Amino acid sequence: MTDHVLQKSKTQISQFSRKGVLFVISAPSGTGKSTLIHKLRNRHPALNFSISCTTRSPRQGERHGADYFFLDKKEFLARREKGYFAEWAEVHGNYYGTPLDHVEKLHAQGQDLLFDIDVQGALQLQKSLPQTVSVFLFPPSLDELKKRLLTRGTETEQTLQKRLHGARNEIAQAHHFDYHIINDDLEEAARLLEAVYLAQTVKKDLLPDIAALLMRDCEKKENG
Ligand code: ADP
Ligand code: 5GP
């Protein structure tokens, strides 16, 4: 009978009551953030991805509305003027921003939301949404970071240098993040990232008062 009460409450909690996790992930470009996010979302499809707007050109295989909303600079700046973004930043010479309406809508529904944003954006979100939980991913070394960017084959010599230079500045800000994970062995990093995410889903701040729910059920039963 006790099991039944717990089960009922658990269902109530998972279906109706938990607040959404706001999960921010930042890393120097080339660290493996997109790879790790892909793995995490494959295992947890309910973890919504905050699709950013950007003025950079699409890479091969990237789709408008799935990876990014690709906008020209004029359109991006017009939206920025209208307060369309929860945060925005200029990164490696392009603009990037998080649409506010999507965040507000999903958060109000209690859904989990993952942000793949740079350090400047993460710091802005920490201020406007203090309940965010943030992870900084490190490459095992700067040499390995360069190797990964070269292997990915998406950069020109100029953009490669910009990204490597940016990496040092980003790493210098890592202390602002709640969790630090080194992406050396991919599977190990994926496990750690998942563990951090799962821990957030059972954080008491996001849950209803389980003790009160259980007591109420018991009292109801006792009083017939
Ligand atoms: P980011 O999104 O951080 O810019 P990507 O996910 O695009 O980085 O990864 C950059 C490159 O590094 C890709 O070619 C990816 O396959 C590779 N990579 C990712 N994680 C690892 C890892 N742990 N070990 C070796 N290569 C990796
Ligand atoms: P990339 O061009 O490699 O997709 O992304 C470059 C950097 O921009 C990454 O660090 C990525 O996290 C960041 N980025 C992507 N979207 C946003 C966003 O909406 N806001 C901010 N501030 N950074 C973003």
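One-based numbering, in listed order, for ligands and for the atoms of each. Remember, it's a predicted structure, so these values are computed and weren't measured experimentally.
Of the listed residues (Gly153, Ser26, Gly32), the one carrying the non-hydrogen atom nearest atom 8 (O) of ligand 1 is Gly32. Nearest to atom 7 (C) of ligand 2 by heavy-atom distance, out of Val119, Val91, Thr31, is Val91. Relative to atom 3 (O) of ligand 2, the option among Glu90, Arg59, Glu155, Arg56 with the closest non-hydrogen atom is Arg59.
Side-chain contact between Ile171 and Leu142 is present, with heavy atoms from C-beta onward closer than 4.5 Å.
Here the heavy atom of the protein found nearest to atom 6 (C) of ligand 2 is Tyr96 OH, 3.5 Å. Scanning the protein heavy atoms around atom 10 (O) of ligand 2, the nearest turns out to be Lys33 NZ, 3.3 Å. Among all non-hydrogen protein atoms, the one lying nearest atom 23 (N) of ligand 2 is Asp118 N, 3.0 Å. In terms of protein heavy-atom proximity, atom 5 (O) of ligand 2 is nearest to Tyr68 OH, 3.4 Å. Closest to atom 6 (O) of ligand 1 among all protein heavy atoms lies Thr35 OG1, 2.5 Å. Protein heavy atom in closest approach to atom 7 (O) of ligand 1: Arg152 NH1, 2.9 Å. Remark: minimum distance from atom 11 (C) of ligand 1 to any protein heavy atom is reached at Arg148 O, 3.7 Å. Residue, atom and distance of the protein heavy atom nearest to atom 20 (N) of ligand 1 are Asn183 ND2, 3.1 Å. Shortest contact from atom 10 (C) of ligand 1 to any protein heavy atom: Gly30 O, 3.6 Å.
Between Ser52 and ligand 2, an N or O atom pair is found at a separation short of 3.5 Å. For the pair Arg152 and ligand 2, the shortest N or O to N or O distance does not fall below 3.5 Å. Not one N or O of Asp185 is nearer than 3.5 Å to an N or O of ligand 1, by distance alone. The N/O atoms of Gly97, backbone and side chain alike, include one that comes under 3.5 Å of an N/O atom in ligand 2. Residue Thr151 has no nitrogen or oxygen atom sitting less than 3.5 Å from a nitrogen or oxygen atom of ligand 1, judged on distance alone. Here's the thing with Glu87: one of its N/O atoms is less than 3.5 angstrom from an N/O atom of ligand 2.
Atom OH of residue Tyr197 and atom CG of residue Leu114 lie 9.0 Å apart, to the nearest 0.5 angstrom. With rounding to the nearest 0.5 Å, the separation of CH2 in Trp88 from CZ in Arg79 is 16.0 Å. The CD atom of Glu144 sits 12.5 Å away from the CD1 atom of Ile182 when rounded to the nearest 0.5 Å. The structure places CG of Leu77 at 9.5 Å from CD of Glu75, a figure rounded to the nearest 0.5 Å. Rounded to the nearest 0.5 angstrom, Phe85 CZ and Ser52 OG are separated by 9.0 Å. Here the CG-CZ distance, from Leu160 to Arg163, works out to 9.5 Å after rounding to the nearest 0.5 Å.
Within a 6.0 Å radius of CZ in Arg152, more than 12 heavy atoms belonging to other residues, nucleotides or ligands are found. The number of heavy-atom neighbours closer than 6.0 Å to CD of Gln158, taken from other residues, nucleotides and ligands shown, is 12 or below. In this structure, His38 places its NE2 atom where only 12 or fewer heavy-atom neighbours from other residues, nucleotides or ligands lie under 6.0 Å away. Within 6.0 Å of NE2 on His165 lie no more than 12 heavy atoms contributed by other residues, nucleotides or ligands.
In plain terms, the two heavy atoms of Leu149 and Glu155 that are nearest each other are CD2-CG, 4.2 Å.
Taken together through direct or relayed side-chain contacts under 4.5 Å among Ile, Leu, Val, Met, Phe, Trp and Tyr, Val133 and Ile25 form part of one hydrophobic cluster. Under the 4.5 Å side-chain contact rule for hydrophobic residues, Leu206 and Tyr179 share a cluster.
With a 4.0 Å heavy-atom cut-off, ligand 1 is reached by the backbone of Ser34 and by its side chain too. Contact annotation for Asp184 and ligand 1: only backbone heavy atoms (N, CA, C, O) come within less than 4.0 Å of the ligand. Proximity of Arg163 to ligand 2, defined as any heavy-atom pair under 4.0 Å, is confined to the side chain (atoms from C-beta onward).
Each of the following atoms of ligand 2 lies closer than 4.0 Å to a heavy atom of Asp116: 11 (C), 12 (O), 14 (N), 15 (C), 16 (N), 17 (C), 24 (C). Close approach of ligand 2 to Ala89 (heavy-atom distance below 4.0 Å) involves ligand atoms 22 (N). For ligand 1, the atoms closer than 4.0 angstrom to any heavy atom of Lys33 are 1 (P), 2 (O), 3 (O), 6 (O), 8 (O). Interface atoms of ligand 2 facing Gly121, defined by a heavy-atom separation under 4.0 Å, are 22 (N).
Proximity of Ser29 to ligand 1 is established by a heavy-atom distance of less than 4.0 Å.
In this structure, Phe138 has its ring center under 6.0 Å from that of Phe136.
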